[in-house]
Amino acid sequence: MIVDAMAAAPADLSPLAVVLEGYGAAVDMVNTGHAQARRRRAVIVANPELRERELTKFAATGAAVTEALCERGVAPRAAFLTAAAGAAAWRTARESWIEGPETRDLHALLRSNDEPSSRHRQRWPSSPC
């Protein structure tokens with residue numbers, strides 16, 4: 001689904017915009033199940049095996065997104081970094097959506113990651129190192 005949406009994205013989009021288009025296709029799958037998403041996250045957080053499985057799925061998705069970017073002519077290193085940035089945007093948007101009120105729109109949260117602003121940069125904690 002994500003890779004198919006990326007393949008269908010306009011050729012003039014930036015690599016990050018293409019990745020966000022891909023993740024945007026996944027929004028409809030989860031955008032209506034707010035309570036279910038909260039329950040699912042709680043079960044995953046409580047179960048180490050499910051957390052491991054979730055991380056494996058994220059890694060597989062990241063590899064597929066990287067490959068799709070390479071197929072669009074993006075250099076491998078840039079594709080890898082862009083895929084990672086897109087995945088971070090997706091996870092951040094999804095977590096904000098799950099933790100926020102049910103009226104929040106996951107599409108809007110994902111799009112808010114497209115253009116970083118000083119407001120977004122200030123939300124991130126400093127490095128623990």
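In what follows, residues are counted from 1 in the order of the sequence shown.
Taking all atoms of both residues into account, the shortest heavy-atom contact from Ala26 to Ile2 is CB-CG1, 4.2 Å. Closest non-hydrogen pair, Ala89 versus Leu20, comes out as CB-CD2, 3.9 Å. In terms of heavy-atom proximity, Arg38 sits nearest to Ile98 at NE-O, 2.7 Å.
When the side chain to side chain contact (heavy atoms under 4.5 Å, CB included) test is applied to Ala25, the partners found at least two apart in sequence or on another chain are Met1, Ala5. By the salt bridge (Lys or Arg N to Asp or Glu O under 4.0 Å) test, Glu49 is found to be paired with no residue, residues two or more places apart in sequence or in another chain being considered. Considering only residues two or more places apart in sequence or on other chains, Ala87 meets the side chain to side chain contact (heavy atoms under 4.5 Å, CB included) condition with Tyr23. Taking the side chain to side chain contact (heavy atoms under 4.5 Å, CB included) definition, one finds that Gln36 meets it with Arg39, sequence neighbours left out. Every residue two or more places apart in sequence or in another chain that forms a side chain to side chain contact (heavy atoms under 4.5 Å, CB included) with Val45 is listed here: Arg41. Listed by chain and number, the residues in a salt bridge (Lys or Arg N to Asp or Glu O under 4.0 Å) with Glu54 are Arg40, Lys57, Arg94 (sequence neighbours excluded).
Clustering of Ile, Leu, Val, Met, Phe, Trp and Tyr side chains at separations under 4.5 Å places Phe80 together with Leu81. Membership of the apolar cluster around Ile44 extends to Val43, Leu50, as traced through chained side-chain contacts below 4.5 Å between ILVMFWY residues.
Sorted by first then second residue, the salt bridge (Lys or Arg N to Asp or Glu O under 4.0 Å) pairs that include residues 4-26, not counting sequence neighbours, number zero.
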